Asks: 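Mind having a look at this structure? Questions to follow.
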Amino acid sequence: MTLFSDPAVGIADPYLRRAFALAERGRGTTSPNPLVGCVVVRDGEIVGEGFHERAGGPHAEVVALDEAGERARGGDLYVTLEPCNHFGRTPPCVDRLLADGVSSVTIGMRDPDTNVSGGGAEALEAAGVQVRFAEDPRPFEVQNEGWLTRIRLGRPFVRVKVALTLDGRPALAARRRSRITGAGGRRITMLLRSRTTAVCVGVSTVQIDDPELTVRDADEQPQGRSPQRIVLARTCVPDTRMKVVCDSGGSTLVISDAVPESALADVERAGVRVLRYAYAEGLAGALRAVATDGVNDVLVESGPSLFSALWRGRLIDELVLVTAGGMSGNAAPPLFLGQADAEGADLAPVFYAVETGLADGDAVTVWRPRV
Ligand SMILES: NC(=O)c1ccc[n+]([C@@H]2O[C@H](COP(=O)([O-])OP(=O)(O)OC[C@H]3O[C@@H](n4cnc5c(N)ncnc54)[C@H](OP(=O)(O)O)[C@@H]3O)[C@@H](O)[C@H]2O)c1
């Protein structure tokens, strides 16, 4: 996912590029499934389009073939991810492609989840369908890095967003709510929330800021869908007066087993779902619990403690820094708590900048870890 550039720029084939754009429409709602887009072409004309919207719903290929109807016979199908060849919640797409008689299939990327759904391309070829792959699978892999991260690492893709003052502080004073960025930074936050499956904050930020964590327009009105809301905690349960609890709309509390069951009764009564992880496993355990719950990607809006723990655990896949033009000074907490590694491991450029842009006077930089 990119903020300032076209992610489809490396896709040479115009029909695959269209399938990629369709897949994007499912961003934030397909977990635990991948984003998939599909077009059916007959005699150079698009006769069917589809994308996968949510788990349990029809796959992109089925939506596109439904729209194409009889015109699919002898046509060419373009799909961002290798069609599945297994019974999940829905029948195998390969069977449907064969039944509808498409003559060729062009695929953005292979399905790496071979135990579950692999062999789609081979099954199509064995049935006489011409199968091609995109020259460069990378844009399709980036599009589905949430799903790929969950499959490969057993945790969601972790995007961390922090607002900073010019002197690099994430708050104006310790344990006080502060508004750092202007309208531009706020807009970027809303955009990131609208594109994520779940938004996470630490319980300490809940207690201090009482955030809503929803997607709202400039007039504070709800706008489109809001992500699932997740509170990360080890030992401390949020107060039931906080918005993510009393106005829960399906919030989830991810808390360690150091907390007795009885301490959770009030938040559960308020409608909050509780996921447990072993205290000894730390944040990695918390994120595993989130992935097991079927979440492919999270946006963490972190204060210094959570940021530092994620950094130390090498659990950040992307860091979005929004810098505004004010100073906060010495009384404010730094972003990174504690001492940097004595051998200089924290000082070495373990992250590199991948994107930069302006948002109404706030500066946005996007960073990725060097692999
Ligand atoms: N500038 C920004 O973008 C931004 C964003 C968010 C917050 N903030 C500011 O940051 C301040 C709060 O920062 P904070 O450092 O107190 O809170 P934080 O970093 O947002 O969250 C810390 C909480 O995360 C939980 N947690 C779970 N696993 C953890 C682990 N392994 N290590 C550390 N914590 C873990 C802790 O729960 P337990 O207490 O149960 O251990 C802790 O209370 C506020 O002033 C807020 O306004 C700024």
Side-chain angles (χ1 to χ4, degrees), residues 155 158-182 184-190 192-193 199-213 229-239 242-245 252-260 263-264 267 272 274-290 298-316 319-329 331-338 359 362-367:
R155 65 161 176 80
V158 176
R159 175 174 289 110
V160 176
K161 189 227 72 178
V162 190
L164 294 175
T165 56
L166 265 188
D167 51 345
R169 309 281 171 143
L172 299 185
R175 310 204 64 73
R176 218 179 67 203
R177 183 181 180 141
S178 6
R179 179 84 190 250
I180 292 176
T181 57
R186 184 184 179 283
R187 192 162 44 74
I188 292 293
T189 300
M190 294 300 159
L192 289 169
R193 284 182 188 171
V199 58
C200 296
V201 286
V203 63
S204 165
T205 290
V206 169
Q207 294 301 120
I208 296 167
D209 292 0
D210 193 17
E212 268 182 53
L213 302 178
R229 298 180 299 173
I230 295 177
V231 178
L232 295 175
R234 281 175 299 190
T235 53
C236 179
V237 178
D239 192 298
M242 297 298 147
K243 288 183 191 125
V244 287
V245 179
T252 303
L253 173 65
V254 183
I255 197 158
S256 84
D257 57 6
V259 177
L264 300 168
V267 288
V272 172
V274 176
L275 301 180
R276 298 286 223 149
Y277 65 96
Y279 182 88
E281 290 180 13
L283 270 180
L287 290 170
R288 261 195 300 278
V290 171
V298 294
L299 171 70
V300 185
E301 299 188 13
S302 74
S305 311
L306 203 49
F307 175 84
S308 305
L310 289 166
W311 177 276
R312 289 210 172 86
R314 299 189 181 277
L315 293 168
I316 303 175
L319 176 60
V320 182
L321 296 180
V322 185
T323 306
M327 289 290 181
S328 64
L335 176 58
F336 186 57
L337 301 175
D362 292 336
V364 184
T365 46
V366 183
W367 300 79

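Please read these numbers as outputs of a predicted model, since none were measured by experiment. Just follow the structure's listing: the first ligand is 1, and inside any ligand the first atom is 1. Hydrogens, waters and symmetry mates play no part in the numbers below; they use all other heavy atoms, side chains included.
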Asks: On a heavy-atom basis, I'd like to know which of Gly303, Gly282, Ala286 is closest to atom 10 (O) of ligand 1.
Replies: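 Going through Gly303, Gly282, Ala286 one by one, Gly303 has the nearest heavy atom to atom 10 (O) of ligand 1.
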Asks: Examine Arg234 against ligand 1 and note whether any of their N/O atoms are separated by less than 3.5 Å.
Replies: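 Yes; at least one N/O pair falls below 3.5 Å.
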Asks: What atoms of ligand 1 come closer than 4.0 angstrom to any heavy atom of Leu232?
Replies: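 Here the atoms of ligand 1 in question are 24 (O), 25 (C).
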Asks: Kindly identify the option in Ser302, Ser305, Gly185 whose heavy atom sits closest to atom 15 (O) of ligand 1.
Replies: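 Residue with the shortest heavy-atom distance to the ligand atom: Ser305.
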Asks: Looking only at heavy atoms, which two atoms of Arg229 and Glu212 are closest? And how far apart?
Replies: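 So the minimum-distance heavy-atom pair works out to NH1-O, 2.7 Å.
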Asks: Is the shortest side-chain heavy-atom distance between Ile188 and Asp362 below 4.5 Å?
Replies: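 Ile188 does not reach Asp362 side chain to side chain.
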Asks: Specify the protein heavy atom at minimum distance from atom 16 (O) of ligand 1: its residue, its atom name, and the distance to 0.1 Å.
Replies: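 Of every protein heavy atom, Ser204 OG, 2.6 Å lies nearest to atom 16 (O) of ligand 1.
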Asks: At their closest point, which heavy atom of Leu172 faces which heavy atom of Ser178, and how far apart are they?
Replies: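 For Leu172 and Ser178, the tightest heavy-atom pair comes out as N-OG, 3.1 Å.
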Asks: If you count the atoms of ligand 1 from 1 in the order shown, which ones are under 4.0 Å from a heavy atom of Thr205?
Replies: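 Within the 4.0 Å cut-off of Thr205, ligand 1 contributes 6 (C), 7 (C), 12 (C), 17 (O), 18 (P), 20 (O).
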Asks: Is it the side chain (CB and beyond), the backbone, both or neither of Leu306 that lies under 4.0 Å from ligand 1, heavy atoms counted?
Replies: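 The answer is both.
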Asks: Using a 4.0 Å cut-off to any heavy atom of Thr235, which atoms of ligand 1 qualify?
Replies: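 Taking each heavy atom of Thr235 in turn, ligand 1 has 38 (P), 40 (O), 41 (O) under 4.0 Å.
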Asks: Between Ala309 and ligand 1, find which residue part has any heavy-atom pair under 4.0 Å and reply side chain, backbone, both or neither.
Replies: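 The part of Ala309 near ligand 1 is the side chain, not the backbone.
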Asks: Looking only at protein heavy atoms, identify the closest one to atom 31 (N) of ligand 1 and say how far it is in Å.
Replies: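 Checking every protein heavy atom, the shortest distance to atom 31 (N) of ligand 1 gives Leu283 CG, 3.5 Å.
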Asks: Please collect all salt bridge (Lys or Arg N to Asp or Glu O under 4.0 Å) contacts where either partner lies in residues 299-312, sequence neighbours excluded, each pair once.
Replies: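 As it turns out, the salt bridge (Lys or Arg N to Asp or Glu O under 4.0 Å) pairs with a partner in residues 299-312, which skip direct neighbours, are Arg193-Glu301.
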Asks: What atoms of ligand 1 come closer than 4.0 angstrom to any heavy atom of Asp209?
Replies: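 Going through ligand 1 atom by atom, the ones under 4.0 Å from Asp209 are 46 (C), 47 (O).
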Asks: Are the side chains of Thr165 and Met327 in contact, using a 4.5 Å heavy-atom criterion?
Replies: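 Result no, sub-4.5 Å side-chain heavy-atom pair not found.
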Asks: Which residue from Arg176, Glu301, Arg177 reaches closest to atom 45 (O) of ligand 1 through any of its heavy atoms?
Replies: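 The option holding the nearest heavy atom is Arg176.
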Asks: Side chain to side chain donor-acceptor pair (under 3.5 Å) with Gln207: which residues, sequence neighbours excluded?
Replies: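 Listed in chain order: nothing, the list is empty.
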Asks: What's the spacing between Asp239 CG and Asp210 CG if we round to 0.5 Å?
Replies: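 Rounded to the nearest 0.5 Å, the CG-CG separation comes out at 9.0 Å.
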Asks: Nearest protein heavy atom to atom 24 (O) of ligand 1, by residue and atom, and its distance?
Replies: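 Scanning the protein heavy atoms, the shortest distance from atom 24 (O) of ligand 1 goes to Gly202 CA, 3.5 Å.
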Asks: Look at atom 1 (N) of ligand 1 and say which protein heavy atom is nearest, naming residue and atom and giving the distance to 0.1 Å.
Replies: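 Protein heavy atom with the smallest distance to atom 1 (N) of ligand 1: Pro170 O, 2.6 Å.
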Asks: From the options Pro304, Ala332, Ser328, select the one whose nearest heavy atom is closest to atom 11 (C) of ligand 1.
Replies: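 Residue with the shortest heavy-atom distance to the ligand atom: Pro304.
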Asks: Using a 4.5 Å cut-off on heavy atoms from C-beta on, say whether the side chain of Tyr279 contacts that of Thr235.
Replies: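 Result yes, sub-4.5 Å side-chain heavy-atom pair found.
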Asks: At their closest point, which heavy atom of Asp167 faces which heavy atom of Ser328, and how far apart are they?
Replies: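 Scanning both residues completely, I find the closest heavy atoms to be OD1-N, 3.0 Å.
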Asks: Just wondering, are more than 12 heavy atoms of other shown residues or ligands nearer than 6.0 Å to CZ in Phe336?
Replies: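 Check passes, neighbour count above 12.
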Asks: Minimum heavy-atom separation for Val162 to Val160, with atom names?
Replies: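 That would be CG2-CG1, 3.9 Å.
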Asks: Ile208 to ligand 1: N or O pair under 3.5 Å?
Replies: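 The answer is no, given that Ile208 and ligand 1 share no N or O pair closer than 3.5 Å.
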Asks: Taking the non-hydrogen atoms of Val201, is any one of them nearer than 4.0 angstrom to ligand 1?
Replies: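 Flag not set, Val201 not near ligand 1.
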Asks: Name the closest protein heavy atom to atom 2 (C) of ligand 1, giving the residue it belongs to and the distance to 0.1 Å.
Replies: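 Sorting protein heavy atoms by distance from atom 2 (C) of ligand 1 puts Ala163 N, 3.5 Å first.
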Asks: Is there a side-chain contact between Leu306 and Leu283, using heavy atoms and a 4.5 Å cut-off?
Replies: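 Heavy-atom side-chain distance check passes, below 4.5 Å.
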Asks: Return yes if some donor-acceptor pair links the side-chain N/O of Arg169 with the main-chain N/O of Ala332 below 3.5 Å, else return no.
Replies: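 Present.
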Asks: Output the list of atoms in ligand 1 that are nearer than 4.0 Å to some heavy atom of Val203, sorted by atom number.
Replies: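 Counting atoms of ligand 1 from 1, those under 4.0 Å from Val203 are 23 (C), 37 (O), 38 (P), 39 (O), 40 (O), 43 (O).
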Asks: Can you confirm, on distance only, whether ligand 1 has an N/O atom lying under 3.5 Å from any N/O atom belonging to Ala173?
Replies: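 Between Ala173 and ligand 1, no N or O pair is found under 3.5 Å apart.
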Asks: Give the atom numbers and elements of ligand 1 that come within less than 4.0 Å of a heavy atom of Cys236.
Replies: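 Going through ligand 1 atom by atom, the ones under 4.0 Å from Cys236 are 39 (O), 40 (O).
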